[in-house]
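These numbers come from the heavy atoms of this one structure, side chains and all, not from hydrogens, waters or symmetry mates.
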Amino acid sequence: SIALSPLLLIATALAQSPARVWQDAMSWPTYIEGPPDINPGFDQFNSAINFPYVYPYTFRINFTNRKEEQSWRAIYLENEYLKCSILPDLGGHVYTCLDKIANRDIFYANKSLRRNWVALRGSWAAFGLELNFPIGHSWVSVSPVDFATQTNPDGSASAWVGNVDRVTGM
């Protein structure tokens, strides 16, 4: 696994009061994505196409204009300075991060989720901070990733998100 949120870990270590980490749900308007192509792409030697080798992953390019309220798992990390959310079912993006002292968001959080053909497998959405490994808009850009949370003896809290890339094994 790769630690996605060193900023959050540093902030929790510096905090005077104990930090918290918990899992909950977050609901927001989501444009529905149809099922992926059932056949993984084997076109690594086809120079007529401009997307890379993705086997054993399938392409996710079945986008719709249908929007529904959808619930997503969310990991929350909070201390006296920050309250942040991470979405493990959407590539482990850090979705929100609130500066509690200034009472404002550190970066913009889109109010709806709409995927489009941008990432290596197609499906990608503009929201939060994403893990770009081993290449930008990776194969799991908006796919579920592994995660774990922990409250530490020193009062800090940790969240890890990560993935083993099935193409390279990294």
Side-chain angles (χ1 to χ4, degrees), residues 1-8 22-77 82-99 104-149 159-170:
S1 288
I2 297 171
L4 176 63
S5 50
L7 169 71
L8 302 177
W22 70 98
Q23 183 179 329
D24 203 349
M26 176 183 296
S27 197
W28 42 305
T30 302
Y31 286 84
I32 303 305
E33 179 182 359
D37 185 339
I38 61 169
N39 299 305
F42 287 102
D43 294 321
Q44 83 181 74
F45 302 113
N46 184 351
S47 61
I49 58 173
N50 61 358
F51 46 84
Y53 183 55
V54 298
Y55 182 83
Y57 295 105
T58 57
F59 282 105
R60 294 175 54 188
I61 55 175
N62 189 0
F63 308 110
T64 73
N65 289 322
R66 195 175 75 235
K67 182 170 60 169
E68 297 176 2
E69 194 74 15
Q70 190 166 351
S71 183
W72 299 95
R73 285 187 301 177
I75 302 166
Y76 292 92
L77 275 168
L82 298 172
K83 181 179 180 185
C84 301
S85 65
I86 301 168
L87 301 174
D89 293 329
L90 293 168
H93 283 74
V94 178
Y95 175 56
T96 61
C97 204
L98 173 71
D99 175 343
R104 66 179 198 199
D105 291 319
I106 294 175
F107 47 87
Y108 177 75
N110 277 338
K111 302 302 178 206
S112 67
L113 173 67
R114 185 169 197 156
R115 300 172 193 97
N116 209 328
W117 191 339
V118 174
L120 297 175
R121 296 171 55 206
S123 190
W124 180 84
F127 67 98
L129 303 175
E130 71 177 305
L131 179 64
N132 281 303
F133 180 84
I135 189 168
H137 305 312
S138 74
W139 290 276
V140 295
S141 179
V142 288
S143 296
V145 295
D146 297 327
F147 71 96
T149 62
W160 293 269
V161 296
N163 175 60
V164 174
D165 172 1
R166 292 168 50 200
V167 174
T168 64
M170 291 192 280

Fill in the blank from the handout: With sequence neighbours left out, the residues meeting ring-ring contact (aromatic ring centres under 6.0 Å, His included) with Tyr76 are Trp22
Fill in the blank from the handout: Here the gap from Thr96 atom OG1 to Met26 atom CE, rounded to the nearest 0.5 Å, amounts to 5.0 Å
Problem - Which residues share a side-chain hydrogen bond (donor to acceptor under 3.5 Å, both in side chains) with Arg60, sequence neighbours left out - result: Glu33, Ser143
Exercise for the section: Ignoring hydrogens and angles, tell me if any N or O in the side chain of Tyr57 forms a donor-acceptor pair with the backbone of Val167 under 3.5 Å. Expected result: no
Practice task
Identify the heavy atoms of Val145 and Gly92 that sit nearest to each other, and give their distance.
Solution key: CG2-N, 3.6 Å
Handout entry: Student check: side-chain heavy atoms of Asn62 and Pro36 closer than 4.5 Å
Key = no
Exercise for the section: Using the test side-chain hydrogen bond (donor to acceptor under 3.5 Å, both in side chains), find all partners of Arg73 that sit at least two apart in sequence or belong to another chain. Expected result: Asp89
Exercise for the section: Check side-chain hydrogen bond (donor to acceptor under 3.5 Å, both in side chains) between Thr149 and all other residues, then give those that pass, not counting sequence neighbours. Expected result: none
Exercise for the section: Please tell me if the side chains of Ile86 and Val161 come closer than 4.5 Å, counting only heavy atoms from C-beta onward. Expected result: yes
Problem - Heavy-atom closest pair, residues Leu113 and Trp72 - result: CD2-CZ2, 3.7 Å
Handout entry: Criterion side-chain contact (heavy atoms from CB on, under 4.5 Å) on Asp146 and Trp160, from CA distance to verdict
Key = CA-CA 8 Å; Asp146 297 327; Trp160 293 269; over 6 Å; no
Practice task
Begin with the C-alpha distance, continue with both residues' side-chain angles, and end with the deciding distance and a verdict on side-chain contact (heavy atoms from CB on, under 4.5 Å) for Phe63 and Arg114.
Solution key: CA-CA 9 Å; Phe63 308 110; Arg114 185 169 197 156; over 6 Å; no
Completion exercise
Asp165 meets the salt bridge (charged side-chain N to carboxylate O under 4.0 Å, His left out) criterion, sequence neighbours left out, with none
Handout entry: Residue of the set Thr64, Ile61, Leu90, Ile32 for which side-chain contact (heavy atoms from CB on, under 4.5 Å) holds with Arg115
Key = Leu90
Completion exercise
Paired with Leu98, the side-chain contact (heavy atoms from CB on, under 4.5 Å) test is passed by just one of Ile106, Asp105, Leu82, namely Asp105
Fill in the blank from the handout: Partner of Phe127 under ring pair (Phe, Tyr, Trp, His ring centres under 6.0 Å), picked from Tyr108, Phe107, Trp28, is Trp28
Handout entry: Shortest non-hydrogen separation from Leu77 to Ala159 and the atoms involved
Key = CD1-CB, 3.8 Å
Problem - Partner set under side-chain hydrogen bond (donor to acceptor under 3.5 Å, both in side chains) for Arg66, not counting sequence neighbours - result: Glu68
Handout entry: Non-hydrogen side-chain atoms of Phe147 and Ile75 separated by less than 4.5 Å
Key = yes
Handout entry: Pairwise distance OG(Ser141) to CG(Asn163) - rounded to 0.5 angstrom
Key = 11.5 Å
Exercise for the section: Might you point out which heavy atoms bring Ala74 and Leu87 nearest each other, and give the distance in Å? Expected result: CB-CD2, 3.9 Å
Exercise for the section: Apply side chain to side chain donor-acceptor pair (under 3.5 Å) to Ser27 and Ser71, showing your working. Expected result: CA-CA 4 Å; Ser27 197; Ser71 183; 5.1 Å; no
